[in-house]
Amino acid sequence: MYPEPGEVLHFSEDPTIDRFVPHIASTARQTEPYVWAVDRDRAPDYWFPRACPRAMAWVTADTTSLGFSGIRLRAAQPRT
């Protein structure tokens, strides 16, 4: 699931959430309420359950050939 350009998404493992209300998390460093959301580039980071081990690596226009070979993705293309 990708948001459209200019949109953000909120991913949650809690199926009972009907409405996202900004709040101050117990671990927050800021004092203003917010709802955590992600944009298109970070959406894939949240496609899997929190307890599922994962490592993310993105090939970009700045990725060197050495960095690319370290990622070892067969059909990877630079992200735009």
Side-chain angles (χ1 to χ4, degrees):
M1 171 179 283
Y2 278 116
E4 294 297 321
E7 293 181 332
V8 294
L9 294 177
H10 177 90
F11 292 88
S12 177
E13 295 173 343
D14 183 350
T16 65
I17 296 175
D18 292 326
R19 183 172 163 228
F20 294 103
V21 179
H23 69 282
I24 301 172
S26 61
T27 57
R29 293 183 180 173
Q30 65 278 358
T31 58
E32 299 171 4
Y34 68 95
V35 170
W36 186 264
V38 295
D39 63 7
R40 184 178 181 86
D41 288 343
R42 297 282 59 95
D45 299 352
Y46 296 90
W47 287 349
F48 303 98
R50 188 177 300 212
C52 179
R54 60 187 174 238
M56 308 302 284
W58 302 112
V59 177
T60 68
D62 297 326
T63 303
T64 65
S65 59
L66 178 61
F68 180 80
S69 66
I71 294 171
R72 301 182 193 276
L73 297 175
R74 178 175 291 181
Q77 297 294 319
R79 295 182 70 167
T80 56

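- Among residues two or more places apart in sequence or in another chain, the side-chain hydrogen bond (donor to acceptor under 3.5 Å, both in side chains) test is passed with Asp18 by none.
- Looking at residues two or more places apart in sequence or on another chain, you find a salt bridge (charged side-chain N to carboxylate O under 4.0 Å, His left out) between Asp45 and Arg42.
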Side-chain donor-acceptor contacts of residues 20-31 below 3.5 Å, not counting sequence neighbours, with atom names and distances?
from, atom 1, to, atom 2, distance (Å)
His23, ND1, Val21, O, 3.4

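- Partners of Glu7 by side-chain contact (heavy atoms from CB on, under 4.5 Å), not counting sequence neighbours, listed by chain and number: Pro3, Glu4.
- Shown here are the ring-ring contact (aromatic ring centres under 6.0 Å, His included) partners of Tyr34, two or more places apart in sequence or in another chain: there are none.
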